[in-house]
A.B. asks: 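Here it is, the structure, as structure tokens.
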Amino acid sequence: AQSVTQPDIHITVSEGASLELRCNYSYGATPYLFWYVQSPGQGLQLLLKYFSGDTLVQGIKGFEAEFKRSQSSFNLRKPSVHWSDAAEYFCAVGGQTGANNLFFGTGTRLTVIP
Amino acid sequence: EPEVTQTPSHQVTQMGQEVILRCVPISNHLYFYWYRQILGQKVEFLVSFYNNEISEKSEIFDDQFSVERPDGSNFTLKIRSTKLEDSAMYFCASSARGKGEKLFFGSGTQLSVL
């Protein structure tokens, strides 16, 4: 069965520090992988996605993620966090075959302290 | 960036009442979705809609739920007889194409069933 695990419910980092948000997925076929961000009162905004090819994917707002098939992971990283990055981050997996829906993790809330 | 708009932002209803959640997808998009997020839980897929019919639905989307695209611009989710457990944030999304395509999400409708 498809599933996504985000083991960190809440992370706090200092502004300017590096960030890594963890995501592990379970999917029987070749996955599509996504990271979405949700700011308060906003919808889900796509940060980046992985379909195939280069396993290091660049996204918007300076984020990147690396697909590691052997670890079933798709961790999100940013070298230097800004206060405006405080939000909820969701990892999601979809299938390259079969159903078109996405399976989301429970999210990681990021707090940025000055 | 184009936006998916949802109205109302917050809906309060009595148990057993019918509610209609409204969404205006991005104008040239062809695929439409509803997701929901119960407080503290994962974002869950409800249904996808393409070419004026449901293309996929989850186990959550039972006979109490229905979707409609009544006029070529709106996309609605109707809950016929609401239950307490229907209380959640409901997200509408749309995409230009199907599988793996970027989903644009609205900011959600918070449904509270009393």
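Values below: every heavy atom of this structure, side chains too, minus hydrogens, waters and symmetry copies. Residue numbers start from 1 in every chain, and the chains themselves are labelled A, B, ... in the order their sequence lines are given, proteins ahead of strands.
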A.B. asks: Is Gln38(A) in contact with chain B via its backbone, its side chain, both, or neither, using a 4.5 Å heavy-atom distance?
C.D. replies: side chain
A.B. asks: Is Arg80(B) paired with Glu18(B) through a side-chain N to carboxylate O contact shorter than 4.0 Å?
C.D. replies: no
A.B. asks: Phe104(A) vs Tyr36(A) aromatic rings, parallel, tilted or perpendicular, using cut-offs 30° and 60°?
C.D. replies: tilted
A.B. asks: Within residues 106-114 of chain B, which positions have a heavy-atom distance to chain A below 4.5 Å?
C.D. replies: Gly106(B), Ser107(B)
A.B. asks: Please classify the contact between Phe103(A) and chain B as side chain, backbone, both or neither, with a heavy-atom cut-off of under 4.5 Å.
C.D. replies: neither
A.B. asks: If you count every heavy atom of other residues, nucleotides or ligands that lies below 6.0 Å from Leu84(B) atom CG, does the total exceed 12?
C.D. replies: yes
A.B. asks: Is it the case that more than 12 heavy atoms not belonging to Glu59(B) sit under 6.0 Å from its CD atom?
C.D. replies: no
A.B. asks: Is it true that atom CG of Asp71(B) has more than 12 heavy atoms of other residues, nucleotides or ligands lying nearer than 6.0 Å?
C.D. replies: yes
A.B. asks: Between Lys78(B) and Glu68(B), does any side-chain N to carboxylate O distance fall below 4.0 Å?
C.D. replies: no
A.B. asks: Please say whether more than 12 non-hydrogen atoms of neighbouring residues, nucleotides or ligands are located less than 6.0 Å from CD in Glu3(B).
C.D. replies: no
